There are 2 protein chains.
Amino acid sequence: MMSIPLDQLGVQSLDRASPVPLYHQIKQTLQSWISSGRFSPQDRFPAERELEEFFKVSRVTIRRAVGELAEEGYLYREQGKGCFVARPRMEYELGRLTSFTEDMKGRALRTKAHVLHFGVVRDPDVALRLAESEDEELIKLVRVRSIDDEPVALQSAYVLRSVAHDLADRSLIEGSLYKTLETHYGLRIGYAEQTIESRAAADHEAVLLGIRSHTPVLALERLTYLHTGEAFEFVRSTYRGDKYRFTVALRR
Amino acid sequence: MMSIPLDQLGVQSLDRASPVPLYHQIKQTLQSWISSGRFSPQDRFPAERELEEFFKVSRVTIRRAVGELAEEGYLYREQGKGCFVARPRMEYELGRLTSFTEDMKGRALRTKAHVLHFGVVRDPDVALRLAESEDEELIKLVRVRSIDDEPVALQSAYVLRSVAHDLADRSLIEGSLYKTLETHYGLRIGYAEQTIESRAAADHEAVLLGIRSHTPVLALERLTYLHTGEAFEFVRSTYRGDKYRFTVALRR
DNA sequence: AAGTGGTCTAGACCACGTT
DNA sequence: ACGTGGTCTAGACCACTTA
């Protein structure tokens, strides 16, 4: 439970002309202190008033930086006692909204996607999940996803055509769909609800995944929402039970 | 996209003598405005400066209340435009750390737990997941969980004895374990990591769950951490694939 | 008594979108 | 030009823990 003097932590380098907010610059500096191993778990972290003086900013700014790190589990605070370094998380930060590609990238695995179908369709059941009207036009994309050339999942994604009417084939198929929507259409993605169940593989799924029928698979359904709370995407996935497991981080 | 005049929203009732922080009182008032249906989705929400004057508090306080509601998905803000009411979430707020009992309570289902085993054990594999030492004492509890008198899950929970050395049988078995730890031991629960996979039921599991062997089941493993980042609980569960599905809320 | 995090004030300037 | 949310300041008092 020792404390590390601030003057051993190098010179602060805040750029007050930068468009990046001060609290964010400070947050990243503090994060680097933590992840560089200068602190051990349960070590005393510098008090807010010390940091205030060190960075020459107001306490509110410090509190925002420290507060976000605490929210993300890097630090914990105890009233009257102080602020301490938490034990590092074991798993890759998850339970966040990431695409299959991003997820795999974090684990350094070679992924591929083979497109089985791409086009505009109408599907009353899916349309009703995404909007009020049952004959909304949908962009449908069916893919087989592989890791190291071995098929692991079957995925059917439906995006409301109204939110991205001229979405190019390329951008949807390659790269991150979410990133495309955010940069090209200015959409902000909010959150998603996902259900996970275990069932036996159907015949046509088994063929595409290269497994025997009735083998256990993970069946997922996901509804993705914009920050306004409007649904814009529905995804149905089937993962091989023997090749894939999900990790979810639960908070508070 | 209409706006509702503040003077139609009733008198504010902040109690400045209350130990409940102002931002929290305001947050709850705003939340009641939203959930009472006075606003429709995408309605303009009162601007921060208006709320400031209405509640007679500073803007920082308003921002904290509004900010938390935005974080939780009730409101969304757009710079230069204003603050708006989001569409209400469909599913029960989940993806949070809840116990089986709490989870089911939210769905108004009758649950029961039949205890198969309860006692102190040593288990090197589990101990190493929870702590450095492999001969830590563990409190082990094995239960069959039922909904409407039908068995749906098999659950083995291990709690480090060192965090709750004199934990009474009753409190662990009935009621919420988490609540007991928080109120009686002053522990603060931080987060959990859960893995979910699909596999075939083993023979002994099939018997206890009343299903045929090799039927698909959901196999879960969960590590629960205190706010310090120290693991204190490990749970291994097996859910019937035909009777249970998981819902997870993913953020941002 | 001194130090800590938790809350709150009354201002200020900025970037952005609408009028 | 004006209103919006986003950031920031320089203070203040409180509740709590430790010495």
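Not measured: the values here are computed from a predicted model.
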Protein-nucleotide distance (Glu52(B), atom CD; dA10(C), atom P), rounded to Å: 9 Å

Sugar-phosphate only, base, or nothing, as touched by Val66(B) at under 4.0 Å among non-hydrogen atoms: nothing

Nearest-Å distance for atom pair CD/P, residues Glu48(A) and dT17(D): 16 Å

Minimum-distance nucleotide (side-chain atoms of Gln79(B) versus dC16(C), dT4(C), dT9(C)): dC16(C)

Pro21(A) side-chain proximity, nearest of dA12(C), dC8(D), dC8(C): dC8(D)

Presence of Tyr23(A) side-chain N/O under 4.0 Å of dT7(D) phosphate oxygens OP1/OP2: yes

Heavy-atom closest contact (Arg77(A) atom, Gly67(A) atom, distance): NH2-CA, 3.4 Å

Interatomic distance, His24(A) NE2 vs dC8(D) P [rounded to whole Å]: 11 Å

Heavy-atom closest contact (Glu52(B) atom, Val57(B) atom, distance): CG-O, 2.9 Å

Gap between atoms CG and C1', on Leu69(A) and dG5(C) respectively (whole Å): 16 Å

Distance in angstrom units between Phe55(A) CZ and dT9(D) P, rounded: 12 Å

Length of the line joining Arg49(B):CZ and dA12(C):C1', which is rounded to integer Å: 10 Å

Value in whole Å for how far the P atom of dC8(D) lies from CZ of Arg64(A): 8 Å

Residue pair Glu233(A) / Val159(A): nearest heavy atoms and the distance that separates them: CG-CG2, 4.2 Å

Over all atoms of both residues, closest heavy-atom pair of Arg236(A) and Val126(A): NH2-CG2, 4.1 Å

dT9(D) OP1/OP2 closer than 4.0 Å to side-chain N/O of Thr61(A): yes

Along DNA chain C (nearest heavy atom to each residue), the more 5'-positioned of Val57(B) and Glu78(A): Glu78(A)

Rounded interatomic separation in angstrom, taking OH from Tyr76(B) and C1' from dG5(D): 14 Å

Check against ring-ring contact (aromatic ring centres under 6.0 Å, His included), Phe84(A) and Tyr76(A): CA-CA 5 Å; Phe84(A) 305 88; Tyr76(A) 62 94; 5.6 Å; yes

Cys83(B), nearest nucleotide to its side chain (from dC16(D), dG5(D), dT9(C)): dG5(D)

Candidates dC8(D), dG5(D), dC13(D) - which lies nearest the side chain of Arg63(B): dG5(D)

Nearest-nucleotide comparison on DNA chain D, the residue closer to the 5′ end among Val60(A) and Lys81(A): Val60(A)

Aromatic contact, Phe45(A) with Phe39(A) (centres under 6.0 Å): yes

Minimum-distance nucleotide to Arg16(A) side chain [options: dG5(D), dT4(C), dT9(D)]: dT9(D)

DNA chain D: 5'-proximal contact among Gly82(B) and Arg59(A) (nearest heavy atom): Gly82(B)

Arg44(B) side-chain proximity, nearest of dT4(D), dA10(D), dG5(D): dT4(D)

N/O (side chain, Arg77(A)) to phosphate O (OP1/OP2, dT4(C)) under 4.0 Å: no

